[in-house]
Asker: 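Okay, here's the structure, questions in a sec.
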Amino acid sequence: MAKYILKRILYLFLTLFIIASITFFLMKMLPGTPFSNQNRLSPDQLAIVKAQYGLDQPIFIQYIRYIGGLFQGNLGTSFQFNNEPVTQLIGQRLAPSMQIGAQAMVLGTILGILLGAVAAIRKNSWVDTLATFVSILGISIPSFVLAVLLQFYLAYKWHIYPVALWDNFQSSVLPTIALAALPLGNVARFMRTEMVDVLSSDYIELAKSKGNSEWQVVIKHALRNSLIPIVTIIGPMAVSTMTGSMVVENIFSIPGIGEQFVKSITTNDYPTIMGLTIFYSFLLILVFLVVDILYVLIDPRIRLGNGGND
Amino acid sequence: MEIPQIPKDKFKFLNNAGNKEQEKIGTPALTYMQDVRRRLFKNKVAVVCLTLLTIIVFISVFAPIIAPYNPNAQHATLSNLPPKLGNLNIPGFNGYQNMGGKMVDAYAQVHAPKGTHYLLGTDYLGRDLLSRIIYGTRLSLIVAVLATLVDLLIGIPYGIVSGWKGGMTDNVMQRIVEIVSSVPNLIVVILMMIILKPGLISIVLAIAITDWVTMARLIRAQTFQLKEQEYVLAARTLGESSTKIATKHLIPNLSSTIIIQTMFTIPNAIFFEAFLSFIGIGIPAPNASLGTLLSDGQKAFRFLPYQMWAPAIILSIIMIATNLLGDGLRDAFDPQSSD
Amino acid sequence: MDKILEVKDLHVNFATYNGTVQAIRGVNFDLSAGETLAIVGESGSGKSITVRSILQLLAKNADINKGTILYHGEDLLKKSKKEMDNIRGNKISMIFQDPMTSLDPTMTIGKQVAEPLLIHNKVSKKEALGRAEEVLRLVGIPNPKERMNDYPHQFSGGQRQRIVIAIAIVDYPEILIADEPTTALDVTVQAQIIDLLKELQQKIGTAIIFITHDLGVVAGIADRVAVMYAGKFVEYGSVDEVFYNPQHPYTWGLLDSMPTLDTSEDDHLNSIPGTPPNLLDPPKGDAFAPRNEYAMQIDLEEQPPFFKISKTHYAATWLLHPDAPKVTPPKGIQKRFEKFKKLGDSK
């Protein structure tokens, strides 16, 4: 187990290194720099600014410097935004993104599990149809459309929540709902399929033949067995939540890293784009790693996989 | 026990021995595809979705004929007009607009020529929204279809080769797949969009470059299984060429996987296009796509909600219909999965 | 003997997309304390559905639309859900066909075996686990104390079936229903499981209803045998009567398709031609008639009643009607008749 984790961590850094390298050279291939957009700088001024950012060096030297910096946790310096180090930019903006991201994933997962489980238990009833309908809506309606609608009705028209503000929990409700819809839909669908499968399995019948009531069967046997595979969709869920957060943060003016990323793209702030790309990749690969380890820990079939007598 | 009285002649033997009738199979066998089609058309939800999508595709294909106006023609004087449906007085579609608490005929205010009416209103440049939505849907669908095609063109051969060759080739190909898939989709797409010039081709490439991995994985796994099937072994023993085996035996058997996966690739591509255009790095102005329309609509949503509702509804309908049709197809191809 | 279970005129229908399937069409039998009744039939004959009706473990689209199932004189079909829960796993328990899939893959076997005790008795977890360990030892799991904390995938198929049996008997049920408990196992393991069931029956005195499609297994365990076809019993009697004095042509067919020690190289095994009838639209007369070499006109028109052969032996075939012509059964069956005579003489 320790060996496996170690190997995975090594892979994590290898992948990050590849991503960082590719990102770096892609960015260097770009014809313009943020300064050339502004057209206000004289050639002399441009040279000074370039030297200031180390852009006058040969590409290879720049690359070595960049990668070297990465190892020290330095993601470079932003061209815009007051020349702040990118790490600092991320650090300041990480908390709000994490908060709504985590809230959305937890909310979506819990509701999705409930919805999917109820749909499976009452298969082919109106509850099932309703649950299927809700989960299809969650999957199909893009988070930014949902965010705009929520903002308009719940904030702007009915004044239940703030329109675009970031201070207390109250202000995180709407973005959380907008982001939770997709995980909710995905988890509900996944849960329903798993649970229908489990409920028709032989060991559930045996559990019934023991004298368990319908609910005892669900709680003691069906839930646990259908919940384990849910772990596998946490990774993709993190990816989609991250995607959604970029626009949702923008719509609700949340000072998070998603909003920062979109801002950097529209202002050609390459160091920030690169830094955030590497940071996002790191975050997601880490999530996938943790999920894989978690799966091994909670599924006895994998944990003790080599102890079988068959 | 009472023994029933039975007429003697009833105890005649029927001479069943050697009767071969009973070995006959009663109903004619349906081919697999016939069976799939029957199951699909029995699924009401899938039929409704199929119909909706057919209508949307039809309108997109014939957009130049169907769209009432040029989608990019600007009329500075006729900007931000609310929807108006002929001279019918339907609230919300009568050209009236709330201005300072009073309903005002917006068309009369800007002195629009008599008989002017925009079914879904106009945008801030006075462009007909209906025409823009028709063209926008067309563009979004083109992106989705092209991305899916590229996806298929890379994913299927990649998966087949990887699965068929096995061994070292497979190993190397799978490592590549692993690296590509360990980078978050969206980041690759965004990086591609920054590097390439904004436009249709860039979006298609950016989406396809990440999407083919899923297809390749599925196809590889299936090819692995098919390779061991007796009929494929037989074809190999008989010396059929690899290309022939691939087209004659593999592709037909992979078709269900391909069709189902395609139904999930299309909404994904539509979403990414909308997403990229929404954050401003997608389809460049003045062309409309569902994403740019949503982005424009969002800016004006607070005061002119109709400008966002229409593209939002169309986008949602396409997404819902493709997802549900995908479910329907999966159930039709694999009846066990549904119950 | 004391009759603990009486099934009377049981009818079960299944609602399907294509219509109503009349899976069980009037089944009657009884069970005495401590005895073993085997129900034999090919797949789809309704044997599994018959026994599942007793525990009401049928699929949701099933409907027991007629009949009574009397357990100590009380109709199980009239019991509430809660009352049935109290009977399952306690008074009547069940062993399933496939040990590879019958155990919860994410629960230790100790907990799984102890579960019925915790449901039905006021015992502490510790006591229940102690009992579970005892029973695991009884069914022949080596080192039960250590293995209690293992998961199902760590056991072989035969061991898993022993665990399933342990779950079924842990609360000393009065009736044990074994639904093809040996079908999924290797032949050598099959024999071990049969021996185990016999041994346990002696130790705890449970009655067993044994479902199988394999007549060869029946001889070793059953006191009485019932042969089932297309949702009905066609013949039932003591093991000797059904094996050596069979009267129904379907029983002849089944016995004739089974190799015995006497089967010589020249004899070929016969199969029964055709397939069972479609129970969406069951035939008016004898369901076996289309496949029956000895079918008569009356078989197509009317269902045969049970004719009594001895106090314990009945068969539903018109061939037993006094007016029916005498037929010569297949050679293998004639040999069996001879054996039956000898059995009778020796008694």
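Letters go in sequence order (proteins before strands), and every chain restarts at 1. Given the structure is predicted, the values throughout are model-derived calculations rather than measurements.
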Asker: Specify the closest pair of heavy atoms between A/Ser209 and C/Phe96, including all atoms of both residues, with the distance to one decimal.
Answerer: OG-CE1, 3.6 Å

Asker: At what distance, to the nearest 0.5 angstrom, does CZ of C/Arg52 lie from NZ of A/Lys208?
Answerer: 10.0 Å

Asker: Is atom NZ of C/Lys79 surrounded by more than 12 heavy atoms (other residues, nucleotides or ligands) closer than 6.0 Å?
Answerer: yes

Asker: So which part of C/Lys82 gets closer than 4.5 Å to some heavy atom of chain A, the side chain, the backbone, both or neither?
Answerer: neither

Asker: Counting only heavy atoms not in A/Tyr11 (residues, nucleotides, ligands), do more than 12 fall under 6.0 Å from its OH?
Answerer: no

Asker: Measure distances from C/Asn86 to the heavy atoms of chain A and classify the residue's part below 4.5 Å as side chain, backbone, both or neither.
Answerer: neither

Asker: I need the residue from C/Ile167, C/Asn90, C/Leu55, C/Val164 with the largest number of non-hydrogen atom pairs under 4.5 Å to chain A.
Answerer: C/Ile167

Asker: Between A/Ser213 and chain C, which part of the residue has a heavy atom less than 4.5 Å away: side chain, backbone, both or neither?
Answerer: both

Asker: Contact part of C/Ile119 toward chain A, heavy-atom cut-off under 4.5 Å: side chain, backbone, both or neither?
Answerer: side chain

Asker: Starting at NZ of A/Lys220, measure out to CE of C/Met107 and round the result to the nearest 0.5 Å.
Answerer: 6.5 Å

Asker: Measuring heavy-atom distances to chain C, does A/Ile204 have an atom under 4.5 Å in its side chain, in its backbone, in both, or in neither?
Answerer: neither

Asker: When rounded to the nearest 0.5 angstrom, what is the spacing between CZ in A/Arg224 and OG1 in C/Thr106?
Answerer: 4.5 Å

Asker: Can you tell me how far the CG atom of C/Asp85 sits from the CD atom of A/Glu214, to the nearest 0.5 Å?
Answerer: 9.5 Å

Asker: What's the separation between atom CG in A/Asp202 and atom CG in C/Leu103, rounded to the nearest 0.5 Å?
Answerer: 10.0 Å

Asker: How many angstroms lie between atom CD of C/Gln112 and atom CG of A/Leu206, to the nearest 0.5 angstrom?
Answerer: 7.5 Å

Asker: Judged by modelled atom types alone, do C/Glu115 and A/Asn212 share a side-chain donor-acceptor pair under 3.5 Å?
Answerer: yes

Asker: Do you know which of C/Pro116, C/Pro105, C/Gly89 has the most heavy-atom pairs with chain A at a distance under 4.5 angstrom?
Answerer: C/Pro105

